[in-house]
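Take a look at the structure below.
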Amino acid sequence: MNIAFFLLPKSEVITTTLEATLRQTLERMEYHRYTAVPILSDEGQYVGTVTEGDLLWFLKNSGAIGFENAHRHLLEEVPLRMRNKPVHIHANMEDLIELAKVQNFVPVVDDSDNFIGIVRRSDIIEYCAKQILFKSPSAAVEM
């Protein structure tokens, strides 16, 4: 099995940049109903992942920054609490699964470390569940 089998391509992934404002980031996450989104550099490289928690903790601890002035502050000001690691497109499935155990999605990069998409943990679980059901119909009843 190849990581590309699970890849949701960059063109279908909602991302942001460090130059986005807090308000833009919050509104984008709210609109798409995501709790985390990948951050890309201007060159298209994966920089990190921003989560709702990162934004909430930043707003709580900054005192002077609130939603009313969030358009004046850039995402680059926000400390990222989670360090979602990317996986190389040619990595083995074990590497992908190790990361997916602790990340809702795994960013995927190419040979030049450019972001090319994500693999969602839910897609891996769905694939594994289908494999179990197709190999042993009685296993589904035993669960």
Side-chain angles (χ1 to χ4, degrees), residues 1-136 139-140 142-143:
M1 178 71 43
N2 185 309
I3 289 175
F5 176 81
F6 295 103
L7 185 71
L8 182 66
K10 177 181 178 178
S11 62
E12 297 178 31
V13 178
I14 302 306
T15 63
T16 192
T17 66
L18 291 172
E19 291 78 30
T21 67
L22 296 182
R23 186 175 185 129
Q24 288 170 328
T25 304
L26 285 164
E27 288 176 345
R28 177 171 281 191
M29 291 172 75
E30 178 184 32
Y31 179 81
H32 293 284
R33 303 183 58 83
Y34 290 149
T35 59
V37 293
I39 304 169
L40 304 184
S41 71
D42 291 337
E43 296 78 30
Q45 294 184 318
Y46 174 73
V47 175
T49 296
V50 63
T51 67
E52 287 177 327
D54 294 331
L55 299 171
L56 291 171
W57 283 111
F58 180 73
L59 291 171
K60 176 190 174 287
N61 294 327
S62 65
I65 302 173
F67 190 72
E68 64 282 346
N69 63 356
H71 63 284
R72 294 189 184 120
H73 298 275
L74 301 181
L75 185 57
E76 68 184 6
E77 299 174 47
V78 177
L80 304 178
R81 299 166 58 93
M82 299 293 293
R83 296 287 173 224
N84 282 15
K85 295 179 183 173
V87 68
H88 191 276
I89 188 65
H90 300 298
N92 60 45
M93 287 302 293
E94 289 81 10
D95 293 336
L96 175 67
I97 291 170
E98 277 301 311
L99 292 173
K101 287 184 342 187
V102 295
Q103 298 175 192
N104 285 334
F105 64 85
V106 179
V108 181
V109 297
D110 66 11
D111 293 335
S112 301
D113 288 329
N114 290 313
F115 177 82
I116 59 172
I118 63 170
V119 174
R120 296 179 291 208
R121 178 169 51 196
S122 60
D123 291 340
I124 296 170
I125 293 171
E126 183 178 324
Y127 173 81
C128 292
K130 285 179 183 176
Q131 295 304 306
I132 292 170
L133 292 175
F134 286 128
K135 287 185 180 181
S136 174
E142 294 173 14
M143 291 179 167

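Note: hydrogens, waters and symmetry copies are ignored here, and every other heavy atom, side chains too, is used.
Remark: the backbone N or O of Met29 is not paired with any side-chain donor or acceptor of Glu52 at under 3.5 angstrom. Looking only at distances, no side-chain donor or acceptor of Ser112 sits under 3.5 Å from a matching main-chain atom of Asn114. The backbone N or O of Thr15 sits less than 3.5 Å from a side-chain atom of Arg28, completing a donor-acceptor pair. Although no hydrogens or angles enter the test, the distance criterion places a donor-acceptor pair under 3.5 Å between the side chain of Asn69 and the main chain of Ala64. Although no hydrogens or angles enter the test, the distance criterion places no donor-acceptor pair under 3.5 Å between the side chain of Glu12 and the main chain of Pro9. A donor-acceptor pair under 3.5 Å links the side-chain atoms of Arg83 to the main chain of Leu80, judged by distance alone. With Gln103 contributing its side chain and Phe105 its backbone, the two residues share a donor-acceptor pair below 3.5 Å. Judged purely by atom type and a 3.5 angstrom limit, Asn61 has no side-chain atom pairing as donor or acceptor with the backbone of Phe58. Of the possible polar contacts, none joining the Asn84 side chain to the Thr49 backbone as a donor-acceptor pair under 3.5 Å is found.
Between Glu98 and Lys101 there is a salt bridge, since at least one side-chain N of the basic residue sits less than 4.0 Å from a carboxylate O of the acidic one.
Expressed to the nearest 0.5 Å, how far CG of Leu18 lies from CD1 of Ile39 amounts to 5.5 Å. For the atom pair Asn104 CG and Arg121 CZ, the distance stands at 4.5 Å (nearest 0.5 Å). Taken to the nearest 0.5 Å, the CD1 atom of Ile124 stands 6.0 Å off from the CE atom of Met93. Distance check: Gln24 CD to Glu19 CD gives 10.5 Å after rounding to the nearest 0.5 Å. Here the NE2 atom belonging to His73 is positioned 7.0 Å from the OG atom belonging to Ser62, to the nearest 0.5 angstrom. In this structure, CG on Asn92 lies 7.0 Å from CD1 on Ile3, to the nearest 0.5 angstrom.
Counting all heavy atoms, side chain and backbone alike, Pro38 lies closest to Ile118 at CG-CG2, 4.2 Å. Across all non-hydrogen atoms, the minimal contact from Pro86 to Val109 is CB-CG1, 4.0 Å. Leu40 and Lys10 get closest at one heavy-atom pair: CD1-CE, 3.9 Å.
Residue-environment remark: CZ (Phe67) exceeds the threshold of 12 foreign heavy atoms within 6.0 Å. For Met82, the CE atom sits in a loose shell: 12 or fewer heavy atoms of surrounding residues, nucleotides or ligands are nearer than 6.0 Å.
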For this session: Check step by step if side-chain contact (heavy atoms from CB on, under 4.5 Å) holds for Lys130 and Tyr127.
Result: CA-CA 5 Å; Lys130 285 179 183 176; Tyr127 173 81; 5.8 Å; no
Exercise. Taking it one step at a time, do Leu55 and Thr25 satisfy side-chain contact (heavy atoms from CB on, under 4.5 Å)?
Worked result: CA-CA 9 Å; Leu55 299 171; Thr25 304; 4.0 Å; yes
For this session: Check step by step if side-chain hydrogen bond (donor to acceptor under 3.5 Å, both in side chains) holds for His88 and Asp111.
Result: CA-CA 7 Å; His88 191 276; Asp111 293 335; 3.0 Å; yes
For this session: With side-chain contact (heavy atoms from CB on, under 4.5 Å) as the test, would you mind laying out the steps for Phe115 and Gln45 before giving the verdict?
Result: CA-CA 5 Å; Phe115 177 82; Gln45 294 184 318; over 6 Å; no
For this session: Show the numbers, then the answer: is there a side-chain contact (heavy atoms from CB on, under 4.5 Å) between Leu22 and Leu74?
Result: CA-CA 6 Å; Leu22 296 182; Leu74 301 181; over 6 Å; no
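Side-chain contact check for Leu96 versus Val119: some heavy-atom pair is nearer than 4.5 Å.
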